[in-house]
Amino acid sequence: MHLTVRRAAGAGAVSEDSLSSAAGACGVGVAGQFMSPFFPNAQFRGRSAWLWPALAAIAGWINIHHRFNQVVHADAEQTYLPAARLFLEQGWSFFLSPASYRVVPLAYLWPALWGAEPYWIRLANGGLWLGCVYFLWNTSLLLGGLRAGILAMFLWAIHPELPRYFATELTEPIFLFGVFGWVYFSAKIIIQKKINATTIWLAALMLTITLLSRPVLQIIAPILLITCLIQMGTSNMRQPQKIDKTSNACRAMAISLALSLIIPAIWIFKNGIIFGLWGLGTGSGTGLYLGTHPLFQGTEPPFLGLNYDVNILGITALNEGDHLSIAVDRIAKNAALWQIKSMSFFEGLLFFARKAWWWLMHHPSQVDAFGSALRKMRIFEILTVGTFMLTAIHKKIQEKKHSGSFFAKSPPWTATEIFSAALFCIFFLMLAQLLPILYNSRYSSALLDPWLILITSYGFSKILASLNFESTFKSYQWRIGFTTNSDAKIFKILLKIALLIFSTPIIFNAIKNREQIKIDPDHLGKNISHLEISLNSQTKTYGLVYKEKNTWIVTESPAAFQVTINQESINKITESAVFNGLWKTELTLTPPQGGACRKAEISYQTDEGKILQPISRRPLLLALSGNGKTEQLVTHANNELRPHQPGSLRTVLNCPVGTVLQWKNTQFLESRHPWDANSHLVH
């Protein structure tokens, strides 16, 4: 096998982009024209291109097979499947019952179609996986050619989280099927200019599926419709006698968008007239309340060892503990607005900036759960898109310089550029919409990755646009190489690719070494103290020597500082029936000059010496400032940190020998945030 690298005479080089204009309705035309890096003979080129979606389909089916017998997800077990069974029992009259508005329609209609049986639902989801592969593959071909298609298949098939949901009864499979289907048929309208009734109706159907399975596009879809109408209006004003292909595509998109909103609008009208709920379903109030909760930091409470308190909010306000009821949903929305208003400008800026970071790069707890690939993929995607954008901007600047005027009129955008820009805008609109909503990786992956995979694949194909791969098979020798046009610097392109690949793990490790999961002591919400310990007699130490007045000096590193919890204190905590408990320790650490403290590990140790470990989370590791100023170490006091037998709250200090520890107190607090939120609401 030989690898060759050579330049092609500028006009003689054939690019993938020039070939993509001949794409067929399903992309076969595009795939069939490319020189395959695997099968050099022309007769194999069309077939070999389809190897990539075939591999992606098989990878997904293997994943589904491995997880086929896993337990039913809690959301499906408690909400979706019971609603599906009620629909099968009651028929169409179910739509007139309150249970029909608790979730969006396809959350129970899709399972009901398969008898609400997990076996058949998961089998059907295997078909949806194939549909997603088909739509994603062909959309990527239309956007950036074969290279975009290959990368899209790779990112989709190896995703550490999304394939898992196709072996569940959740809404992600049907939602993703609808999203990719809508994007594909929209691409056929805008890029291919394949405008006919079938394409328009299929685009509308797919968008309807997304709206009825997870209505996150219910704001974006009308925005797109208005944009199309404005574009049509301005185009008619400029050229009233001329109707070009772009105008026809815009009109077709407007029709499909309008059609897609009909059934959701009817459903909203039904819910509004019968139940007084002007929406597709409830749950948005809970999402907003938890997503702006100061103690939870807008994420899943279990990330911090805490419990969901939205039902307490409902019980306190209305004596009703169902967070999916209309009344509690409205209370939760009002509480969310109060939470946002309670933040100062800078607090809100920091809160939502931190959430934007987690939406883009994922929370450390979710990286723990799904593996490092969850974040590494996002880093690669964002680096690729950023590199492509910087390259495009640099190219435009150079073109302006060569033209002799920065005010020279730029050539009009191609249909592909318009479509990719639209995908980019939808991604950012989606991100902005999600900021106040409860974060978890399930929402982040399902709602952001479809757009990211497409724009990353497109950007990657544009970065490689100057390189043309070729292969020949002669005398039992395989020659694989690539050519580039006269203007391209081949090693500069290869350097970009190498930087994208090697920068990903470097950035990942840099982030991992600096981030932590911790409760913010400055934003605990309202709380009350049930226990305060400040006596030296209630402490035990290892690697520390007592000096005076609750002051110790570190003699061994690491050292352990333990606050003992006796039976009397346990009885007091138990009698209080605390829902969300917190441990708060105030101390000061002063390392010797030139020394620094690292992280403290907090756990509960029984008198028998057993250290209770968290079941589904990493050990509690909190950064220590160690700057001689008072700092607060705050953790949850639930589960393994809720004392049920005598022992001690143990803090392991990783500080250099000679560090001075001054301990003020340790408190057991109860979060009263939902009660406080209720007191500020107008009922």
Q | Over 12 foreign heavy atoms within 6.0 Å of CZ, Phe370 | A | yes
Q: Give a yes or no on whether Glu608 atom CD has more than 12 heavy-atom contacts from other residues, nucleotides or ligands under 6.0 Å away.
A: yes
Q | Steps toward side chain to side chain contact (heavy atoms under 4.5 Å, CB included) verdict (Leu176, Trp156) | A | CA-CA 11 Å; Leu176 291 168; Trp156 174 247; 3.9 Å; yes
Quick check: does any side chain N or O of [X] sit under 3.5 Å from a backbone N or O of [Y], one acting as donor and the other as acceptor?
{"X": "Arg650", "Y": "Tyr604", "result": "no"}
{"X": "Arg378", "Y": "Leu374", "result": "no"}
{"X": "Gln366", "Y": "Asn440", "result": "no"}

Q: Kindly indicate, with the supporting measurements, whether the criterion side chain to side chain contact (heavy atoms under 4.5 Å, CB included) is fulfilled by Ile382 and Met361.
A: CA-CA 9 Å; Ile382 292 171; Met361 290 293 183; 3.8 Å; yes
Q.
Using the rule given for side chain to side chain contact (heavy atoms under 4.5 Å, CB included), can you reason through Val554 versus Leu589, listing the C-alpha separation, both sets of side-chain angles and the distance that settles it, and then say yes or no?
A. CA-CA 10 Å; Val554 175; Leu589 290 165; 5.9 Å; no
Q | Pairs satisfying side-chain hydrogen bond (donor to acceptor under 3.5 Å, both in side chains), at least one member in residues 503-517, at least two apart | A | Arg375-Glu515
Q: Apply side chain to side chain donor-acceptor pair (under 3.5 Å) to Thr666 and list each qualifying residue two or more places apart in sequence or on a separate chain.
A: Thr585, Trp663
Q. Quick one: side chain to side chain donor-acceptor pair (under 3.5 Å) partners of Thr541, sequence neighbours excluded?
A. none
Q) Taking the six-membered ring where the residue is Trp, are the ring centres of Tyr443 and Tyr439 under 6.0 Å apart? A) no
For a quick test of your reading: what N or O donor-acceptor pairs under 3.5 Å do the side chains of residues 71-78 make, sequence neighbours left out?
{"unit_1": "His73", "atom_1": "ND1", "unit_2": "Asp75", "atom_2": "N", "d": "3.1"}
{"unit_1": "Asp75", "atom_1": "OD2", "unit_2": "Arg442", "atom_2": "NH1", "d": "2.9"}

Would you mind writing out the side-chain donor-acceptor pairs for residues 276-284 within the sub-3.5 Å range, not counting sequence neighbours?
{"unit_1": "Thr282", "atom_1": "OG1", "unit_2": "Arg102", "atom_2": "O", "d": "3.3"}
{"unit_1": "Thr282", "atom_1": "OG1", "unit_2": "Leu324", "atom_2": "O", "d": "2.7"}
{"unit_1": "Ser284", "atom_1": "OG", "unit_2": "Lys333", "atom_2": "NZ", "d": "3.3"}

Q. Given the rule in the side chain to side chain contact (heavy atoms under 4.5 Å, CB included) test, do Glu300 and Phe296 qualify, once you have shown the distances and angles that lead to the verdict?
A. CA-CA 7 Å; Glu300 297 279 2; Phe296 302 157; over 6 Å; no
Q.
According to ring pair (Phe, Tyr, Trp, His ring centres under 6.0 Å), does anything in residues 314-350 pair up with another residue at least two apart or in another chain? List the pairs.
A. Trp338-His673, Trp338-His680
Q: Name the orientation class of the two ring planes belonging to Phe460 and Phe380 (parallel below 30°, tilted from 30 to 60°, perpendicular beyond 60°).
A: tilted
Q. What heavy-atom pair brings Leu434 and Lys355 nearest, and what distance separates the two atoms?
A. O-NZ, 4.3 Å
Q: Please name the pair of heavy atoms, one in Leu313 and one in Asn678, separated by the smallest distance, quoted to 0.1 Å.
A: CD1-N, 4.1 Å
Q) With a 4.0 Å cut-off, would you call Glu670 and Arg672 a salt bridge? A) yes
